[in-house]
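Data first, discussion second: the structure below is written as structure tokens.
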2 protein chains.
Amino acid sequence: MINRKSTKDESKTIEKYALSTDLLIFSVSRGEAKDCRSLSDKFFSILLVKRTKEPFKGMWCLPGGFVKNDETLDMAADRVLTKETNLHDIYKEQLYTFGDLDRDPRTRVITTAYMALIDKEKLTDELSLEASWFNISLNEKDNLININLDNSEEQIHISLKRIIEDETTNKYKYEVVQNNNVAFDHANILMTGLDRIKNKVRDTDIVFNLMPEYFTLGELQQIYEVILGKKLLDPAFRRIIADKVIKTDKTIKTGGHRPSAMFKYKRK
Amino acid sequence: MINRKSTKDESKTIEKYALSTDLLIFSVSRGEAKDCRSLSDKFFSILLVKRTKEPFKGMWCLPGGFVKNDETLDMAADRVLTKETNLHDIYKEQLYTFGDLDRDPRTRVITTAYMALIDKEKLTDELSLEASWFNISLNEKDNLININLDNSEEQIHISLKRIIEDETTNKYKYEVVQNNNVAFDHANILMTGLDRIKNKVRDTDIVFNLMPEYFTLGELQQIYEVILGKKLLDPAFRRIIADKVIKTDKTIKTGGHRPSAMFKYKRK
DNA sequence: CTAATAGTGTCTATTAGACAGTATGTT
DNA sequence: AACATACTGTCTAATAGACACTATTAG
């Protein structure tokens with residue numbers, strides 16, 4: 001017999017901790033078109049905030065905030081999301097809770113990270129002064145992940161090693177190899193989110209949260225490609241999404257080529 | 001311009017909260033064989049603990065405990081897991097963090113739930129007095145979920161309504177319709193875990209954490225069937241798991257039929 | 001004409017589902 | 001022989017990958 005005590009030992013005084021929520025706010029940025037005939041490049045992008053105080057002053061971090069005592073975690077995440085974007089009814093999901101001992105050098109802070117996806121065209125208000133969109137480019141080779149973040153003024157480079165935690169499932173953790181400009185453990189949180197969305201893109205309709213109401217299949221395919229990090233074949237792509245979209249009457253002429261039909265997301 | 005303030009307002013005093021971890025410890029129980037020729041029925045089962053104190057005194061809950069100030073969340077989960085099972089190196093994964101305002105009637109407690117899978121045959125020590133394995137039977141029709149938990153002395157019945165939170169992904173929440181014997185929001189946590197494992201069974205090797213070192217394909221198939229809640233066709237099942245297992249020399253005679261080969265999990 | 005993207009047809013390879021059948025033990 | 005499970009062969013249906021082709025616009 002191993003232990004006869006009650007599972008939760010409620011006799012001792014209970015330690016209390018600061019709780020925060022940090023948000024991975026993802027979107028898609030349109031780059032420059034090479035010439036008038038080309039489609040613009042697309043980038044998967046994330047909203048980061050420049051820290052104005054120590055610790056990590058001047059470095060970039062995820063938008064976040066402490067959980068208030070009249071708020072659920074979801075409500076706290078929504079508050080931060082609305083504060084940063086001034087948008088409501090945005091897709092978000094809880095990502096993971098990070099509770100390492102020294103993730104904040106001041107005091108112990110446990111953070112529940114959320115991931116949100118927005119259509120950047122819905123943004124009407126300017127960003128706050130310290131916030132900025134960074135284009136993400138990601139490549140991985142032999143479990144070494146390189147992330148480049150670019151907001152056209154600054155370039156951040158992060159290297160992470162993917163460490164397999166369990167062989168039966170695809171459970172990883174990440175070891176930061178190089179990171180000079182992302183505060184706290186937020187590089188780790190970012191990578192957790194990038195893996196999550198990559199998996200969800202394959203077997204859910206999550207990408208449509210990044211799309212405007214009307215879009216072309218070419219644009220949609222670009223988003224899939226930029227998140228999955230590989231080219232897709234047109235016929236295969238169109239087969240797969242055929243029953244997820246509705247063709248509309250609208251067409252769009254984007255350059256020196258056949259105009260394309262605009263589609264809408266077909267909700268179930 | 002929406003808000004120029006720093007994202008984390010660090011000037012105010014920060015609220016602090018009690019943090020706990022609750023564990024879904026899953027395993028497989030062997031039921032009675034109908035006759036000497038049949039294989040024993042298998043049940044997917046979970047370890048619950050009877051509460052000895054108010055609130056919810058006498059009701060069943062998940063094993064859990066408060067996070068200590070020198071522990072990460074993972075460490076706290078491991079501590080609870082070892083306390084309940086006396087086992088080490090058990091598969092576990094973080095499930096979700098529940099932070100509703102009134103989930104504990106005493107004071108606000110945020111809990112990070114973990115899910116662990118064990119091979120019950122590895123258990124050598126007796127359970128603690130208040131702990132007991134409950135066989136799970138689950139059925140769902142028209143988004144109404146019925147869960148029956150049975151430890152051969154008590155039967156617990158839970159009904160939950162599955163509420164679709166988002167159409168693009170398969171994101172649900174659950175509304176408890178009926179629950180007379182599971183404490184706190186643990187019925188909700190249980191259902192979150194059941195959905196998680198069902199999804200993981202399809203596209204990972206997670207089930208092997210429930211298996212002993214040597215097993216027959218019939219037994220393995222039973223586990224898949226009991227978790228997925230449906231019968232599988234033999235040839236299709238064997239095709240899918242063919243490259244996940246290694247055939248060994250061992251065979252086993254379990255009754256009035258052809259003896260079956262024993263297999264091992266083939267790690268990648 | 002060319003360049004660029006839009007969009008389709010079709011062949012093939014792979015995978016999933018279904019069912020029938022054989023194998024080998026106990027009672 | 002009857003039964004229960006172990007295990008295999010094979011047909012078919014559905015899906016994924018690959019490539020070739022046509023369509024339509026601007027310049």
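Each chain gets a letter, A, B and so on, in the order the sequences are listed, and its residues count up from 1.
Separation of atoms CG (L210(A)) and CD1 (I197(A)) is listed at 5.5 Å; rounding is to 0.5 Å.
Comparing atom distances between the H257(A) side chain and each of dT24(C), dT24(D), dG7(C) picks out dT24(D) as nearest. Of the candidate nucleotides dT5(C), dC19(C), dC7(D), dC19(C) has the atom lying nearest to any side-chain atom of P235(B).
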Working for ring pair (Phe, Tyr, Trp, His ring centres under 6.0 Å), residues F263(A) and Y214(A)
CA-CA 5 Å; F263(A) 289 77; Y214(A) 296 95; over 10 Å; no
Trace of the salt bridge (charged side-chain N to carboxylate O under 4.0 Å, His left out) decision for D205(A) with R267(A)
CA-CA 10 Å; D205(A) 299 350; R267(A) 295 182 187 281; over 6 Å; no
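Look at CD on E225(B): it is 13 Å from C1' on dT5(D), rounded to the nearest Å. For R258(B) and dT27(C), the CZ to P distance is 19 Å, given to the nearest whole Å. We find that CD of Q222(A) is positioned 9 Å from P of dT5(C), with the value rounded to whole Å. Atom P of nucleotide dA6(C) and atom CG of L220(A) are separated by 11 Å, given to the nearest angstrom. The distance between atom OH of Y224(B) and atom P of dA16(C), rounded to the nearest whole Å, is 13 Å. Atom CZ in F215(A) sits roughly 18 Å away from atom C1' in dT5(C) (whole-Å rounding). A straight line from NZ of K231(A) to C1' of dT5(C) spans 11 Å, rounded to a whole angstrom. Residue E219(A) contributes atom CD, which lies 11 Å from atom P of dG7(C) at whole-angstrom precision.
Of the residues in residues 237-247 of chain A, R238(A), R239(A) come within less than 4.0 Å of DNA chain C through at least one heavy atom, sorted by number.
In this entry dG27(D) has dC1(C) as its Watson-Crick or G-U wobble partner, both defining distances falling under 3.5 Å.
Heavy-atom distances to DNA chain D give each of M262(B) and L233(A) a nearest nucleotide, and the one nearer the 5′ end belongs to M262(B). Between D234(B) and F263(A), the residue whose closest nucleotide on DNA chain C is further toward the 5' end is F263(A).
Taking the six-membered ring where the residue is Trp, Y224(B) and F237(B) present perpendicular rings, their angle passing 60° and hence far from 30°.
Using modelled atom types and a 3.5 Å distance limit, the side chains of E93(A) and Y91(A) yield a donor-acceptor pair.
Between V207(B) and K200(B), the closest side-chain pair of non-hydrogen atoms is not below 4.5 Å.
Using a cut-off of 4.0 Å between Lys/Arg side-chain N and Asp/Glu carboxylate O, E121(B) and R30(B) are scored as salt-bridged.
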